[in-house]
Amino acid sequence: MGEEAPFDTRLALAVGGDGDAAAKTTDADGTGTRKKLRLTKEQWDFLDNRYRENSSLTPMQKPELADLLNLRPRQVEVWFQNRRARTKLKQKELDCEFLKKCCESLTEENRQLKEELQELRSVNSRQRLSCDSPRQRH
DNA sequence: AGCGTCAAGAGGGTAT
DNA sequence: ATACCCTCTTGACGCT
């Protein structure tokens with residue numbers, strides 16, 4: 001995967017284009033099922049830029065961003081929360097990959113060392129054999 | 001149909 | 001007590 005572009009063709013449909021994203025989040029149709037909100041690419045990019053500057057919100061930033069992007073402060077808060085979680089998960093995956101490589105190279109090193117040891121042992125036993133054999137008298 | 005992604009809810013921890 | 005965070009979970013949605 002990777003830090004792929006989070007948006008695709010759905011983008012155009014996000015928040016229905018009326019700008020009132022917040023109103024679309026919960027039970028908008030009165031059926032008890034909450035509607036799925038997708039932030040627009042612009043909203044996402046804006047939040048992402050702010051996230052890259054600072055991964056946590058200052059108390060001033062939350063209402064400011066919410067106002068700017070026409071979202072509820074809670075939505076901005078949740079976005080940052082989820083963004084941090086995604087970053088952390090991504091890092092875990094990278095760490096895991098790194099450890100896997102370490103493990104592979106150590107396994108290979110171990111294999112080579114065992115091979116060397118085996119070789120040394122057989123050389124050693126051959127030498128002992130030749131020393132221990134009865135000496136020929138003339 | 002199953003899967004991945006994302007926004008949001010729930011619940012618990014911590015600092016002030 | 002309340003504001004903020006983290007983690008896990010849920011539900012909607014698009015894609016294959």
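Bear in mind that the values here come from a model prediction, so they are computed numbers and not experimental data. Just so we're on the same page: letters track the sequence lines, and every chain starts at 1.
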### Separation of C:dC4 P from A:R83 CZ (nearest whole Å)
21 Å
#### Entry: Taking every non-hydrogen atom, the tightest pair across A:L39 and A:Q43
CA-OE1, 3.4 Å
Would you give me the side-chain donor-acceptor pairs under 3.5 Å for residues 60-68 of chain A, sequence neighbours excluded?
residue	atom	partner	partner atom	Å
A:Q61	OE1	A:T58	N	3.2
A:K62	NZ	A:E77	OE1	2.7
A:E64	OE2	A:R50	NH2	3.4

#### Entry: Cluster overlap A:F80 with A:F46, hydrophobic side-chain contacts below 4.5 Å
yes
### Task
Consider the side chain of A:R38, meaning its heavy atoms from C-beta on, and name the nucleotide among B:dT5, B:dG9, B:dA7 that approaches it most closely.
B:dT5
Could you go over nucleotides 5-9 of chain C and give all protein N or O partners under 3.5 Å, atom names and distances?
residue	atom	partner	partner atom	Å
C:dC6	OP2	A:R84	NE	2.4
C:dC6	OP2	A:R84	NH2	3.1
C:dC6	N4	A:Q81	NE2	3.0
C:dT7	OP1	A:K88	NZ	2.5
C:dT7	OP2	A:K88	NZ	3.1
C:dT7	O4	A:Q81	NE2	3.4

### Query
Given atom CG of A:L39 and atom P of C:dC13, what is their separation to the nearest angstrom?
15 Å
### Query
Under 3.5 Å, is there a donor-acceptor pair between the A:Q112 and A:E108 side chains?
yes
### Task
Using the salt bridge (charged side-chain N to carboxylate O under 4.0 Å, His left out) rule, take A:E115 and A:R111 through it: C-alpha gap first, then chi angles, then the decisive distance, then the call.
CA-CA 6 Å; A:E115 223 173 77; A:R111 190 193 63 75; 2.6 Å; yes
### Minimum-distance nucleotide to A:P59 side chain [options: B:dA8, C:dC4, B:dA7]
C:dC4
### Message
Starting from A:V76, can I reach A:V78 by hopping between I/L/V/M/F/W/Y residues whose side chains sit under 4.5 Å apart?
### Response
no
### Atom pair distance, as rounded to whole Å: CZ in A:R74 and C1' in B:dG9
7 Å
### Query
With respect to the phosphate group of B:dA8, does any side-chain polar atom (N or O) of A:W79 fall under 4.0 Å of OP1 or OP2?
no
